Protein chains: 2
Amino acid sequence: MDRFIQYLPIISACILDVKIQNSKFWKKEQALFSQTAEYALRASICLAQGAGGPMRAAEISAATKVPQDYLAKVLQALTRAGIVAARRGTNGGYALARPAGQVSILDVLNAVDPLKRITTCPLGLPAHGTKLCRLHRKLDDALATIERSFAEATLDQMTDASSGTSKPLCPTPG
Amino acid sequence: MDRFIQYLPIISACILDVKIQNSKFWKKEQALFSQTAEYALRASICLAQGAGGPMRAAEISAATKVPQDYLAKVLQALTRAGIVAARRGTNGGYALARPAGQVSILDVLNAVDPLKRITTCPLGLPAHGTKLCRLHRKLDDALATIERSFAEATLDQMTDASSGTSKPLCPTPG
DNA sequence: CAAGTACTGGATAAATCGATCCATTTATCC
DNA sequence: GGATAAATGGATCGATTTATCCAGTACTTG
């Protein structure tokens, strides 16, 4: 036979399944959003809640469960991006540089882990397109949707204070 | 003064901007989608296009510009997930295990880099919520949107053959 | 000004991802 | 059955991300 059996029968799939169990499955832990982005968002929203005064890194770390020394790096990035303002010495700490209603989730994300839109073909064939580009338009559509959604979401909308209900928090998986 | 100046004046922002230039900016390269996911999608669509017969790894590598040895790992993962069927030896190669119209982008993504929805509070406070959970609902909404979009997009929709126009490819950035 | 506080930033280590090499296994062709 | 072809899987390596430590700097208080 020189014709390839393209669609394997069910029985072959079963054999494949066994092999999945027997070999170390190549599994990635990577989430869609980076750990750093998660940390930056937690910290920013934490600052948006305690809007009274500056919070020290140790306080933010305790409230958000972000490793303190790593949080320092994240806050530095947010400071350099102009999203938070840092103050040293006694009674120092971090505070938002703008009102929470004027800082979007996208602002925070872009400060630490920029959401890169797909503008050129990753295959690097500029003049003549390749066969893959419907894919990249689809992927970039998804990026655009997220970008729009996150650009409209401000930090104050993420705080408890933005609603009458006091505990609308994380639902349990059920 | 024991009251923190929360909203720094413009002049301070300028000073901050200077510091951005002078220090090594903490910049991440990570895109929203992993390199492996990109490779897996390219390879899958490549197989969907050449739907005639099996393609060897070297051929797929040449067509998709994925490093050949790494592509082998990606294809192994797709094989174990039952998305592609592999055949060894002369005239061997890879082919889709199902018709391209029955394989979604989400299927491919989940095979190599699962899109993990947020079902529980990452802060690990199950009973009593934390102050951060509006955020995670927002993030998970984004994940849900992407998941839905990618579940509906099949590989054959990503091929050139799915349209009358022959070159609707990657637009140049302009 | 002296002491103490808290952010800053450099150096470093651990973990994961991306990439490569090569021996082995399985299939086809003659 | 032997030679060849091509995927498989183990080992390794470099780059990036995540995490930690600590000396230095700037700011406040008294």
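Quick caveat, the model's predicted, so the values are computed rather than measured. Note on naming: letters A, B, ... go to the chains in the order of the sequence lines (proteins, then strands), and numbering restarts at 1 for each one.
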Next item on the list: For B:Gln35 and C:dT16, give me the distance from atom CD to atom C1', rounded to whole Å.
Entry: 15 Å

Note to self: Please report the distance, rounded to the nearest Å, between OH in A:Tyr70 and P in D:dT17.
What the structure shows: 9 Å

Item checked: Backbone of A:Gly93 reached by a side-chain donor or acceptor of A:Arg56 within 3.5 Å -> no

Next item on the list: Evaluate the criterion side-chain contact (heavy atoms from CB on, under 4.5 Å) for residue pair B:Leu115 and B:Arg117; output intermediate values, then yes/no.
Entry: CA-CA 6 Å; B:Leu115 194 150; B:Arg117 294 286 299 274; 4.3 Å; yes

Next item on the list: Measure the distance from CD on A:Glu29 to C1' on D:dT16 and round it to the nearest whole Å.
Entry: 17 Å

Next item on the list: Before giving the answer on salt bridge (charged side-chain N to carboxylate O under 4.0 Å, His left out), spell out for A:Glu152 and A:Arg148 the whole-Å C-alpha distance, their side-chain angles and the decisive distance to 0.1 Å.
Entry: CA-CA 6 Å; A:Glu152 290 166 0; A:Arg148 203 176 320 116; 5.9 Å; no

Checklist line | A:Lys138 to B:Ser149 - nearest heavy-atom pair and separation | finding: CE-OG, 3.5 Å

Checklist line | Between P of D:dT17 and CD of A:Glu38, the distance in whole Å | finding: 17 Å

Check: Quick one: do the A:Thr36 and A:Tyr70 side chains pair a donor with an acceptor below 3.5 Å?
Finding: yes

Margin query: On the side chain of B:Lys73, is there an atom forming a donor-acceptor pair with the base of D:dG9 - under 3.5 Å, no angle test?
Written below: yes

Write down the protein N/O and nucleotide N/O pairs, taken from nucleotides 3-7 of chain C, whose separation is under 3.5 Å; answer none if there are no such pairs.
{"residue": "C:dT5", "atom": "O4'", "partner": "A:Thr90", "partner atom": "OG1", "Å": "3.3"}
{"residue": "C:dA6", "atom": "OP1", "partner": "A:Arg56", "partner atom": "NH1", "Å": "3.0"}
{"residue": "C:dA6", "atom": "O4'", "partner": "A:Gly89", "partner atom": "O", "Å": "3.3"}
{"residue": "C:dC7", "atom": "OP1", "partner": "A:Ala57", "partner atom": "N", "Å": "2.9"}
{"residue": "C:dC7", "atom": "O2", "partner": "A:Arg88", "partner atom": "NH1", "Å": "3.3"}

Next item on the list: Considering non-hydrogen atoms only, spot the tightest contact between A:Asp113 and B:Gln30 and give its length.
Entry: OD1-O, 3.3 Å

Notebook entry, point to check: Between A:Ala77 and A:Val112, which heavy-atom pair has the shortest distance, and what is it?
Noted result: CB-CG1, 3.9 Å

Check: What's the CG-C1' distance between A:Asp69 and D:dT18, to the nearest Å?
Finding: 12 Å

Next item on the list: Begin with the C-alpha distance, continue with both residues' side-chain angles, and end with the deciding distance and a verdict on side-chain contact (heavy atoms from CB on, under 4.5 Å) for B:Leu135 and A:Leu155.
Entry: CA-CA 9 Å; B:Leu135 166 66; A:Leu155 294 186; over 6 Å; no

Checklist line | Minimal non-hydrogen separation, B:Cys46 against B:Met55, with atom names | finding: SG-CE, 3.7 Å

Checklist line | B:Phe33 CZ to C:dG18 C1', straight-line distance once rounded to whole Å | finding: 19 Å

Checklist line | Approximate separation, where rounding is to 0.5 Å, of A:Leu96 CG and A:Gln49 CD | finding: 10.5 Å

Checklist line | Length of the line joining B:Asp113:CG and D:dT17:P, which is rounded to integer Å | finding: 15 Å

Notebook entry, point to check: Bend angle of the helix from C:dC1-D:dG30 to C:dC30-D:dG1 from five-pair axes at both ends, rounded to 10°?
Noted result: 20°

Item checked: A:Asp107 and A:Ser104 side chains, donor-acceptor separation under 3.5 Å -> yes

Report each atom pair, protein N/O against N/O of nucleotides 12-15 of chain D, whose distance is under 3.5 angstrom.
none

Notebook entry, point to check: Atom NZ of A:Lys28 and atom P of C:dC17: how far apart are they, to the nearest Å?
Noted result: 5 Å

